[in-house]
S.K.: 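Here you go, one structure.
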Amino acid sequence: MNLNPQQIEAVHAVEGPLLVLAGAGSGKTRVITSRVVHLIEEVSVPPWQILAVTFTNKAAGEMKSRVEAAVEPGARTSSPLISTFHSFCVRVLRRNFEALNEGYTRNFTIYDQDDQTRVVRTIMKELDIDDKSLTARQALSSISAAKNRGTSPAALLNQGEYVSDRTEKVARIFKLFEERLRKSNAVDFDDLLIKAVELLRRVPDVREYYHNRFRHVMIDEFQDTNGIQYELVRLIAVGSTKIDASIDRDQLWRERSLCVVGDIDQSIYSFRGSDFNIILGFQNDFAGTRTIKLEQNYRSTQTILEAANKIIENNRQRLPKTLHASPELGQGEKIRYYQAYDAESEAAFVADHIAEHRRYEPDSRLVVLYRTNAQSRLFEESLRRRSIAYNIVGGFSFYERAEVKDIIAYLKLAMNPRDDVAMARVINSPPRGIGKTTIDALQNVQRERGTSAWEAIDSLISNHSVGPRAASSLVAFKRIVEGLAERVMHAQPLSEVVKAATLETGYVRALEEEKSVEAEGRLLNIEELVTAGVEAEEQGETLQDFIDHAALVSDTDQYRADARVTLMTMHSAKGLEFPSVFIVGMEEGLFPHSRAATSEEDLEEERRLCYVAITRAQRHLYITHAMQRRIFGEESITEPSRFLNELPLELLENLSSGPSWLGFAERPETRHNREAAAALRGEERPPVKNTSNYSGKTYNSVESVREFFNRRERSHENREPRARGKSERVSGKRNETGETLVSSSGVQFRIGARVRHQRYGTGVVLRSEGAGDDAKLTVSFPGYGQKKFVAKFAALEKA
DNA sequence: TTTAGTACACTTTTT
DNA sequence: GTGTACTAAA
């Protein structure tokens, strides 16, 4: 492992606070792992004193295996704790939750977003708040934001003199939400952090234990921390939330370190409460911080880095930083740009080029990056059509499947019968004759007595408030759960309990009786869950570990490093690198996303996301967009993303087969070209159905794409000097290629020419009407759409 | 009580 | 285009 001087400095700084500003591809993970190894082998720090925190299980897993591979077996007396913030907090709470005296026990359940939404939905129904004005998800995100700010429901109503109707509703829901969770002995993702911090803050014994144990703390992706996480870090590293003069710094930092690593330009989770001001303030918070910048990039070609640097320069909120390329990687190829007619042909283009790459480099890894998960479908289809295997990250994961969640819910109930969400989930699945009437009755009792649903069952039966059939069903249900709980009590192996949850509940039997294809699939998933249980048992996990794992796995954990072709969102791609990257859907409204384009801050976050996406690429980068795509099943015309305007033209190679935002590609007329050009001019589009690109040898079958390439290569060579000379001596109405020429303020433009406007930036001339003084120009500007100008008066310049 | 069919609302990104 | 929520019928 060869490290550069800055990296070595970061590895060797083993006392005191250390801030590493690590640009994309600067060997950040290598520095952290080397640091851990260095601490253990050179400084003789016992591994158990080391804590490394990441944001994703994926990153934690990667770091674990790298450290394991690097540490000499002799030095491995114990293991460093390498964990995500969330699983670290679960660990803390499972040990000490009772010490907080809030009525929670260490058998608490973790509610994922789906569970939380269910709770909020039932609350809203009870409060008679309709979900038109305020959806459950919206309410939930407001609640989450309030929680992370440390705002209570009451405080929410006391902010200033004016409280909006919406806030008032949220506060009411929030209050009940907290009560419900506590009653259910359940915490959500936010609570995991909040409760852990409270525990450390309020219980000195617990705080001291962690402070004394972890003498060397490292935090990865520090730009993504939120206030609560930062507080947790300080409680562990400093043993206090306040860092003031009363602390003897020399004493504190003796044989102790806190190393945070991050990159403001890669902060893409502020929507979730992360705040890059924390990393900006770190040096102030910790006097004597040593700061190291890693700006040497080892990943990408010059071209790719230039593009990334140019994009991110448009952000105001950042620390100036420029990534330097490694000379040995060279200038590299240009970024390939393609404007597709519609989303289907975009997907076809991507799949064709993936096939092309694989022909020459069968083992090379490729990735398709999109802004929203909904975009994945078309790429899946186009790849499947070409029999190209792919791995998809995101969408619903294994643990989100209904049948898997059902079985887990039984297990959760066995551990924590107060878990109302789990109860509601499985009380009648498989169907056992407990219907709406019974459940309503149950909820009434619950509300009257303020108990959990589990306790309400007993009173319901003794009250004879339900019919005999329902009563016996309820008793049977209770037996099942108690049976599972007993197995846990008698320390039966984890795999046995999981098996019992699939069989004794009647779940498997019900599916088998169904005899449908769908049920078959579900049975397979359940089988897989049982297998997962057996594997977990072999790893020495407890049932609780197994359930926690199911709650804390994320979509990104589906990423398989050995997959040749991967589809995922740009967010999931953070921290990864690929020889070839396709960034797709570069359209206004999609990327930047319409819901993120409201404020300058949001827009800058989108730009950082763009930066993250570009910097994933090692050698080949493709950027595509479509002129029209279906949104909500509705066909709509799109505009090129404003980010395209921020890419230097000389870094791009245009592969588009018609007039594009980049200008005309020199290509013989084809049906597809004509249609594309017509669509771009705003003429009535041809019936979309008939543009089927998939049958026979059409323009985008693999063969003709290669043909297309060959032709392009040839025409490319002798084009550029001629084209330049041509536009210089524009005079007639038409030039040789048949493009119309129009003039504006004495300057002349051809259709497809790039022009600059003071207000709208760079755009492309789409069409012209009239002649002489009355001539009008229509220009498409990324980010603003089509604008019409009277040519004579328009302040347009050649771009 | 269950199920099948239809209307509908919905899409950012995630631990 | 897709998954979910509500209504009507068995």
Side-chain angles (χ1 to χ4, degrees), chain A residues 53-60 83-90 110-114 116-118 121 125 131-132 135-138 140-141 144 148 187-193 221 224-226 228-229 267-274 343-344 369-378 381 393-397 400 402 428-440 466-467 469-470 473 510 514 548-549 551-558 568-574 585 589-598 602 605-606 608-610 612-613 629-635:
Chain A
V53 183
T54 64
F55 276 84
T56 64
N57 298 301
K58 178 181 70 191
S83 158
T84 64
F85 268 110
H86 293 267
S87 31
F88 176 77
C89 291
V90 171
I110 303 166
Y111 278 0
D112 63 18
Q113 174 147 17
D114 181 60
Q116 294 172 55
T117 316
R118 281 163 198 270
R121 259 203 278 268
K125 227 170 258 168
D131 53 5
K132 295 242 164 50
T135 67
R137 284 179 66 124
Q138 284 168 343
L140 203 53
S141 78
S144 169
N148 282 310
V187 297
D188 63 17
F189 285 137
D190 298 324
D191 288 335
L192 285 175
L193 296 159
E221 307 280 11
D224 287 331
T225 44
N226 64 27
I228 307 271
Q229 288 158 344
S267 159
I268 54 174
Y269 286 113
S270 73
F271 69 91
R272 193 172 91 191
S274 79
E344 280 78 10
L369 300 179
Y370 34 77
R371 177 65 233 266
T372 66
N373 276 308
Q375 286 165 263
S376 69
R377 214 192 83 251
L378 289 171
E381 280 171 12
V393 177
F396 39 62
S397 74
E400 278 169 307
N428 196 35
S429 65
R432 50 172 72 88
I434 301 174
K436 198 173 178 304
T437 336
T438 315
I439 288 169
D440 281 349
V466 287
R469 239 196 9 240
S473 296
E514 217 180 285
D548 286 348
H549 179 75
L552 294 174
V553 285
S554 70
D555 294 340
T556 50
D557 298 327
Q558 300 159 40
M568 64 172 117
T569 63
M570 300 179 196
H571 281 88
S572 320
K574 195 166 71 156
L590 194 56
F591 188 41
H593 198 273
S594 51
R595 291 178 70 160
T598 46
D602 286 350
E605 176 142 320
E606 293 282 294
R608 288 192 292 271
L609 185 57
C610 186
V612 167
R629 86 169 54 234
R630 269 188 298 279
I631 299 165
F632 293 132
E634 196 78 28
E635 204 72 55

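Just so you know, these numbers come straight off a predicted model, no measurement behind them.
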S.K.: Roughly how far, to the nearest 0.5 Å, is the CD1 atom of A/I110 from the CG atom of A/D548?
M.R.: 4.0 Å
S.K.: Starting at OH of A/Y370 and ending at P of B/dT13, how long is that distance when rounded to a whole Å?
M.R.: 10 Å
S.K.: Distance check: side-chain N/O of A/S572 vs OP1/OP2 of B/dT13, anything under 4.0 Å?
M.R.: no
S.K.: A/R377 side chain: which of C/dG1, B/dT1, B/dT15 is closest?
M.R.: C/dG1
S.K.: Quick one: A/H571 NE2 to B/dT12 C1', roughly how many Å, whole number?
M.R.: 7 Å
S.K.: Taking 4.0 Å as the cut-off, does a side-chain nitrogen or oxygen of A/N226 come that near to OP1 or OP2 on B/dT15?
M.R.: no
S.K.: Counting only side-chain nitrogens and oxygens, does A/T438 get under 4.0 Å of the OP1 or OP2 atom of B/dT1?
M.R.: yes
S.K.: For A/D191 and A/D188, indicate whether the former's side chain and the latter's backbone hold a donor-acceptor pair under 3.5 Å.
M.R.: yes
S.K.: Within the modelled atom types, does a donor on one side and an acceptor on the other bring the side chain of A/H593 and the base of B/dT12 under 3.5 Å apart?
M.R.: no
S.K.: Closer than 4.0 Å, any side-chain N/O of A/N373 to the OP1 or OP2 of B/dT13?
M.R.: yes
S.K.: To the nearest Å, give me how far apart CZ (A/R137) and P (C/dG3) are.
M.R.: 15 Å
S.K.: Scan A/F189 against the nucleic acid and name what it touches under 4.0 Å (heavy atoms): base, sugar-phosphate only, or nothing.
M.R.: base
S.K.: Using atom CG of A/N57 as one end and atom C1' of B/dT15 as the other, report the distance to the nearest whole Å.
M.R.: 8 Å
S.K.: In whole Å, measure the gap between the C1' atoms of C/dA5 and B/dT12 for me.
M.R.: 23 Å
S.K.: Check every atom of B/dT2, C/dA5, B/dT15 against the side chain of A/P431 and return the nucleotide holding the closest atom.
M.R.: B/dT2
S.K.: Which residue, A/R469 or A/L193, contacts DNA chain B at a nucleotide closer to its 5' end, judged by nearest heavy atom?
M.R.: A/R469
S.K.: How far does the C1' atom of B/dT13 sit from the matching atom of C/dT4, given to the nearest Å?
M.R.: 22 Å
S.K.: Roughly how many Å is it from CG in A/L369 to P in B/dT13, rounded to a whole number?
M.R.: 14 Å
S.K.: To the nearest Å, give me how far apart NZ (A/K436) and P (C/dA8) are.
M.R.: 14 Å
S.K.: For A/I268, does its backbone N or O pair with a side-chain atom of A/H571 as donor and acceptor, under 3.5 Å?
M.R.: yes
S.K.: Could you check how far CZ of A/F85 sits from P of B/dT14, rounded to whole Å?
M.R.: 19 Å
S.K.: Given B/dT12, is OP1 or OP2 found less than 4.0 Å from the side-chain N or O atoms of A/R371?
M.R.: no
S.K.: Salt-bridged, A/E606 to A/R595, with N to O below 4.0 Å?
M.R.: no
S.K.: Look at A/R121 and C/dA5 and indicate whether a side-chain polar atom (N or O) is within less than 4.0 Å of OP1 or OP2.
M.R.: yes
S.K.: Is a side-chain donor or acceptor of A/N57 paired with a backbone partner of A/L552 at a separation under 3.5 angstrom?
M.R.: yes
S.K.: Using a cut-off of strictly less than 4.0 Å, decide whether A/S594 has a side-chain nitrogen or oxygen near OP1 or OP2 of B/dT12.
M.R.: no
S.K.: For A/T437 and A/E606, take the nucleotide of DNA chain B holding the closest heavy atom to each; which residue's nucleotide lies nearer the 5' end?
M.R.: A/T437
S.K.: Would you say A/F271 stacks on B/dT13, if stacking means ring centres under 5.5 Å apart and planes within less than 30 degrees?
M.R.: yes
S.K.: Just call it for A/N428: base, sugar-phosphate, or nothing, with non-hydrogen atoms closer than 4.0 Å on any strand.
M.R.: sugar-phosphate
S.K.: Starting from P on B/dT12, measure out to OH on A/Y269 and report it in whole angstrom.
M.R.: 16 Å
S.K.: Give a yes or no on whether the backbone of A/I434 and the side-chain of A/N428 come within a donor-acceptor separation of less than 3.5 Å.
M.R.: yes
